[in-house]
There are 2 protein chains.
Amino acid sequence: MTLSEEDYIKAIYHLGKGDNVTVSTNAVAEQMETKPSSVTDMVKKLAEKGLVNYKPYKGVSLTEYGQKTALTLVRKHRLWEVFLVEKLDFSWDEVHDVAEQLEHIKSEKLIDSLDKHLGFPQVDPHGDPIPSKKGEFKKAIKKLLNEVPIGTSGICVGVKDSSPPFLKFLDKNKIALGDSILVLDKEEFDGSLHIQIKNNKIHISSQIATNLYLKITE
Amino acid sequence: MTLSEEDYIKAIYHLGKGDNVTVSTNAVAEQMETKPSSVTDMVKKLAEKGLVNYKPYKGVSLTEYGQKTALTLVRKHRLWEVFLVEKLDFSWDEVHDVAEQLEHIKSEKLIDSLDKHLGFPQVDPHGDPIPSKKGEFKKAIKKLLNEVPIGTSGICVGVKDSSPPFLKFLDKNKIALGDSILVLDKEEFDGSLHIQIKNNKIHISSQIATNLYLKITE
DNA sequence: ACAAATATTTAGTTTTGTCTAAAAATTAAT
DNA sequence: ATTAATTTTTAGACAAAACTAAATATTTGT
């Protein structure tokens with residue numbers, strides 16, 4: 001597999017959001033920041049190699065082999081992201097470009113050793129699940145903090161309200177993107193929540209909870 | 001810099017063994033496992049980019065900029081080797097191919113963080129020195145264990161006698177390639193040595209010492 | 001159902017890095 | 001010092017991956 005082939009496989013995979021649907025040439029072109037004609041060329045090549053199903057004018061989907069390949073790439077990408085954040089103190093938003101390069105390194109032993117070194121993490125710093133060596137993994141969904149049941153844990157991945165006062169509040173309460181959050185309890189009368197965030201227990205109002213996105217894996 | 005350009009720069013660097021000498025097209029071709037005509041093409045391109053000095057029929061040498069580039073690559077390669085051995089439990093001889101890939105990853109922050117994470121190592125698992133960020137580094141030389149003065153430390157990198165009995169002896173005494181060795185004392189009457197190897201102090205005969213290579217940095 | 005709009009493919013180029021075969025320069029040998 | 005051997009370069013071609021422009025399918029709107 002060439003670097004470019006791998007990038008296409010990943011793009012097709014991500015367009016399907018994990019489900020193996022058929023995606024259009026144009027969609028792939030946009031995702032890859034390339035021209036539709038280039039996609040047609042590459043997709044033909046991938047079809048010949050057995051990585052995708054392709055019928056002219058009818059779009060592309062991954063074959064089983066293609067899906068396996070995509071999951072391996074996703075696994076590598078996310079493990080490297082964990083490494084960068086946990087071991088090299090990269091921040092949440094600095095990891096992507098480097099992981100994008102690292103995911104193309106070819107060595108099964110490398111990735112298995114890395115997995116072990118990191119303690120077999122289940123999710124990456126964005127809360128997305130890491131496929132196992134065999135390609136099994138749970139799906140992640142994004143929900144507002146107020147919508148999840150008590151006992152749910154996940155990773156804070158975004159805000160609905162990005163106004164300065166809200167962001168200032170988060171900063172003051174040491175809530176940052178990438179933090180893991182556990183919902184401890186909910187007060188019935190006002191919908192406020194008791195949560196545990198990075199080993200601190202805090203109490204937040206319902207207004208706050210309705211503006212924070214949590215990524216959870218079922 | 002493309003991947004291929006980087007490989008050529010490294011090849012030219014290694015052919016000069018660190019000193020910046022002029023090397024022949026054919027030598028580069030052999031090192032790179034490619035054809036001389038391909039080398040000519042690439043060398044012209046590198047010359048245009050200011051990385052090498054090139055006069056047709058007269059060979060190539062690195063410019064100052066080329067040397068700096070080569071040292072950065074060497075630094076990256078060796079830091080990754082340390083990482084693979086120290087953190088991921090790769091053995092001495094498994095690291096090269098993977099490091100060869102990892103050295104092409106582009107991120108200054110990555111390599112500086114890695115350096116810090118590894119505790120700013122001075123030498124790689126083969127005993128070769130790691131250039132500093134600015135490109136400074138000491139040279140390594142290979143010597144027989146019996147030839148170095150008391151107090152010298154280095155890394156065991158090879159054997160002169162590779163007969164089974166000798167290798168068996170090394171095994172029994174837990175002396176392996178990649179081990180760091182410190183010469184503690186020398187007995188005058190028989191030339192035998194007291195050495196410290198991986199926190200064990202042992203006594204070895206002169207015959208043993210004359211068959212073990214040590215890599216030392218002055 | 002047909003024309004217009006949109007999506008996709010084909011055909012023909014370009015760039016990068018490689019190759020082979022032939023030509024030219026350098027080095028070695030008598 | 002001239003020829004022979006070797007090294008190096010040039011010229012022309014090829015494969016991969018991209019592009020542009022033109023042609024062809026498909027979808028949409030009336």
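On a predicted model such as this, the values are computed, not experimentally measured, just so you know. Chain A is the first sequence line, chain B the second, and so forth, proteins listed ahead of strands; every chain is numbered from 1.
Atom CD of B:Glu48 and atom P of C:dT16 are 11 Å apart (whole Å). Spacing between atom CD of A:Glu6 and atom P of D:dA16 amounts to 16 Å, rounded to whole angstrom units. Rounded to whole angstrom, the span from the CD atom of B:Glu30 across to the P atom of D:dT8 amounts to 11 Å. In this structure, B:Asn26 places its CG atom 12 Å from C1' of C:dT26, rounding to the nearest Å. Per the geometry, CE belonging to A:Met1 stands 15 Å off C1' belonging to D:dA16, to the nearest Å. Look at CG on B:Leu46: it is 13 Å from P on C:dT16, rounded to the nearest Å. If you measure from atom NZ of A:Lys44 to atom C1' of C:dT8, you get 10 Å, rounded to the nearest angstrom.
Contact annotation: A:Lys55 does not reach the phosphate of C:dT8 (side-chain N/O to OP1 or OP2, under 4.0 Å). Using a 4.0 Å cut-off, some side-chain N or O of A:Thr25 falls inside it from OP1 or OP2 of C:dT9. At the phosphate of D:dT9, OP1 or OP2 sits under 4.0 Å from a side-chain N or O atom of B:Tyr54. Look at B:Ser4 and you won't find any side-chain N or O under 4.0 angstrom from OP1 or OP2 of C:dT16.
Screening residues 82-99 of chain B for side chain to side chain donor-acceptor pair (under 3.5 Å), with sequence neighbours left out, gives A:Lys109-B:Glu94, B:Ser91-B:Asp93, B:Ser91-B:Glu94, B:His96-B:Glu100.
A parallel orientation is assigned to the rings of B:Phe166 and B:Phe169, their planes being inclined by less than 30° (bins at 30° and 60°). Taking the six-membered ring where the residue is Trp, B:Phe83 and B:His117 present tilted rings, their angle falling between 30° and 60°.
Of the options A:Leu79, A:Asp124, A:Val95, a side-chain contact (heavy atoms from CB on, under 4.5 Å) to A:Leu84 is made by A:Val95 and by none of the others.
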Kindly list each side-chain donor-acceptor pair under 3.5 angstrom involving residues 29-39 of chain A, sequence neighbours excluded, with atom names and distances?
none

Atom pairs and distances, donor-acceptor, side-chain atoms in residues 65-72 of chain A, under 3.5 Å, two or more places apart:
{"from": "A:Thr69", "atom 1": "OG1", "to": "A:Tyr65", "atom 2": "O", "distance (Å)": "2.8"}
{"from": "A:Thr72", "atom 1": "OG1", "to": "A:Lys68", "atom 2": "O", "distance (Å)": "3.0"}

Using distance only, find each side-chain donor-acceptor pair of residues 143-153 of chain A under 3.5 Å and give its atom names and separation, not counting sequence neighbours.
{"from": "A:Glu147", "atom 1": "OE1", "to": "A:Leu144", "atom 2": "N", "distance (Å)": "3.2"}
{"from": "A:Thr152", "atom 1": "OG1", "to": "A:Pro149", "atom 2": "O", "distance (Å)": "2.6"}

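Counting only distance, with no hydrogens or angles, the side chain of A:Gln101 and the backbone of B:Lys106 share a donor-acceptor pair below 3.5 Å.
Within residues 8-17 of chain B, no residue has any heavy atom closer than 4.0 Å to DNA chain D.
With values rounded to the nearest 0.5 angstrom, A:Leu212 atom CG is found 6.0 Å from A:Ile181 atom CD1.
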Using a 4.0 Å heavy-atom cut-off, write out nucleotides 19-26 of chain D from 5' to 3' as B (base contacted by protein), S (sugar-phosphate only) or - (no contact). BB---BSS

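Here D:dT10 is the nucleotide among C:dT18, C:dT9, D:dT10 with the atom lying nearest to any side-chain atom of B:Thr40.
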